[in-house]
Amino acid sequence: MADTTIFFFFTLFSFSSYFTLVLSRTLLLQNSQTTTTTVLHVSASLQKTTQTFPLNQSALQKPKPTSSSLSFDLHSRFSIHRASHNVDYKSLTLTRLQRDSIRVKSLQTRLDLAVTGLTQSDLTPIQTELAADKLQTPVISGISQGSGEYFSRIGIGKPAKDVYMVLDTGSDVNWMQCAPCADCYQQSDPIFEPTSSSSYSPLTCDTRQCRSLDVSECRNETCLYQVSYGDGSYTVGELVTETVTFGKSEEVNKIAIGCGHNNEGLFIGAAGLIGLGGGSLSFPSQINASSFSYCLVDRDSDSVSTLEFNSGIPPSAVTATLLRNTKLDTFYYVDLIGITVAGVNISIETSVFKLESNGSGGVIIDSGTAVTRLQTEAYNAVRDEFVKRTKELVRVKAVELFDTCYDLSSMKIVDVPKIGFRFSNGKVLSLPAKNYLIPVDSAGTFCFAFAPTSSTVAIIGNVQQQGIRVSFDLVNSLVGFSPSIC
Ligand SMILES: *[C@@H]1O[C@H](CO)[C@@H](O)[C@H](O)[C@H]1NC(C)=O
Ligand SMILES: *[C@@H]1O[C@H](CO)[C@@H](O)[C@H](O)[C@H]1NC(C)=O
Ligand SMILES: *[C@@H]1O[C@H](CO)[C@@H](O)[C@H](O)[C@H]1NC(C)=O
Ligand SMILES: *[C@@H]1O[C@H](CO)[C@@H](O)[C@H](O)[C@H]1NC(C)=O
Ligand SMILES: *[C@@H]1O[C@H](CO)[C@@H](O)[C@H](O)[C@H]1NC(C)=O
């Protein structure tokens, strides 16, 4: 009798736990379908952290053909600078994050100066010969501008010489290292030689381009420029015009570009920088582009994507209003009004993300910042909701600026809460899981890849933009996000 009872209870228990299991599995699946969670492919993400070393040259992918004739290939830093990647993934991550903090600080400083009405020229009078001494103070790990995460191969001069240039939506002035070098850092292509280009032409001081510079000076009628990046990196030289070639054929003449004879900073092998900002000296402004778009390929991959001009926003894109700061025309702002976690609106005061008329606040979308920065109160609210919904995952200690990390080493795939950016037009951009839960080592530690900032300005970084084509429609003031068109 006793045995039967025990047997009965055991059966009941097994049955009910089996039932609960089935039920919770069903709920989980339903949740996925009703868009509160999304799948993170842990093993696929981890594989990339180990594939990084060594590289498989023959796996180099070619970009898909594009409809735009004004298009450059776009590569991640990783695919260009393979030689220096002789370190483990964790050190690589830590270096990236340190570089990222420097960049964020320099963007914020620039904005603070603009809001308070100062400009760079009030602080740094140009002094070509002295620049090296003046600015050489700790040359920290280099490029804060551009973070140097993404490059294009661009033809400069006549005949065109192809070189790797850093792409940067956070600055305007285009420049390249130029012979004769007073001080040039190492680059992978030969240094540009003005005497071997028939289209090289110095700009005089009374030109519109020269007058548009933040810091300039006139020497012997020629226009000298200087750009300093706040971390010890800088470039000084003369402002000239040159021919820029897309692919093999499409040429644009008379693009104002700095010919830098004195350049300092670890611009990691690139010949210079292409400014994609909103100011009048930026590349899109100079070619009168109606729009431009890029797709930031996985930073740890060899894939190649494109930077395109004048091809508009793809019809399937999630769109948001593009806003501009009246105090500083370089940065592109989006009208983010909220963030969703697992489909739930996180309660954040709408004023937190607002771009004020005095130039403070707002949300910049930037190609050179890696990790999205949110104002501390917004970050805390989003992080808390995410943590609340990932209780079943094993938490581990913080890594650098990431306070929310997990040990996913025992898992192949995991369901994680969806995260979305909500814009003022009601549209929501839902991010792929790998854009906010990223590996920080090869052992299975993943961190929630957002970070808090005490600044009033938020920045949507390139980790969150990976694999999404981001289009800037400069005529209609719209930003488009197309997750499926890379
Ligand atoms: C390199 O990539 C190619 C093409 O994807 C593949 O066929 C080859 O097996 C790979 N080689 C190694 C050593 O992984
Ligand atoms: C100005 O130009 C003259 C003649 O080309 C040259 O001799 C002189 O060194 C130049 N001065 C400076 C400061 O570059
Ligand atoms: C861009 O527009 C300006 C003014 O409308 C014009 O002077 C310039 O030649 C144009 N540049 C190109 C590359 O079309
Ligand atoms: C989130 O907020 C927006 C606007 O306030 C609203 O339209 C939407 O229905 C809300 N979504 C949820 C899931 O509460
Ligand atoms: C800019 O305006 C906001 C909102 O009115 C205000 O809180 C902030 O203090 C102002 N900032 C400056 C630097 O004036």
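Numbers here simply count residues along the sequence, with the first being 1. Each ligand, and each atom within it, is numbered from 1 in the order the structure gives. Model, not experiment: these values are computed from the prediction.
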Test item: side-chain donor near acceptor, T169 and D366, under 3.5 Å: yes
Residue pair D168 / S171, side-chain donor-acceptor N/O under 3.5 Å: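 S171 and D168 do have a side-chain donor-acceptor pair below 3.5 Å.
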Shortest heavy-atom approach to atom 13 (C) of ligand 4 - which of G338, G343, A342: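 Heavy atom nearest to atom 13 (C) of ligand 4 belongs to G343.
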Selected option - heavy-atom contact closest to atom 2 (O) of ligand 4, from T340, V344, T36, N345: N345
Aromatic ring proximity F448/F402, centre distance under 6.0 Å: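 Here the rings of F402 and F448 have centres that are no less than 6.0 Å from each other.
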F283 and F309 aromatic centres sub-6.0 Å: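 Under 6.0 Å, so yes.
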N358-ligand 5 polar pair, N/O distance under 3.5 Å: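 Yes.
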Validation row: V236, L224 side chains within 4.5 angstrom (heavy atoms):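 V236 does not reach L224 side chain to side chain.
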Protein contact to atom 5 (O) of ligand 5 [nearest heavy atom, distance to 0.1 Å]: E356 OE1, 4.1 Å
Minimum-distance protein heavy atom relative to atom 3 (C) of ligand 4: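 So the nearest neighbour among protein heavy atoms is R422 NH1, 3.3 Å.
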Per-atom contacts of ligand 5 with V115, taking only distances under 4.0 Å to non-hydrogen atoms: 13 (C)
Numbering as shown, the atoms of ligand 5 that approach S360 to under 4.0 Å (heavy-atom distance):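 Counting atoms of ligand 5 from 1, those under 4.0 Å from S360 are 1 (C).
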Flag: protein heavy atom within less than 4.0 Å of atom 9 (O) of ligand 4: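 No, no protein heavy atom sits under 4.0 Å from atom 9 (O) of ligand 4.
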Candidate list F481, F331, Y332, test ring pair (Phe, Tyr, Trp, His ring centres under 6.0 Å), partner F472, passing option: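 Going through F481, F331, Y332 one by one, the ring pair (Phe, Tyr, Trp, His ring centres under 6.0 Å) with F472 is satisfied by Y332 alone.
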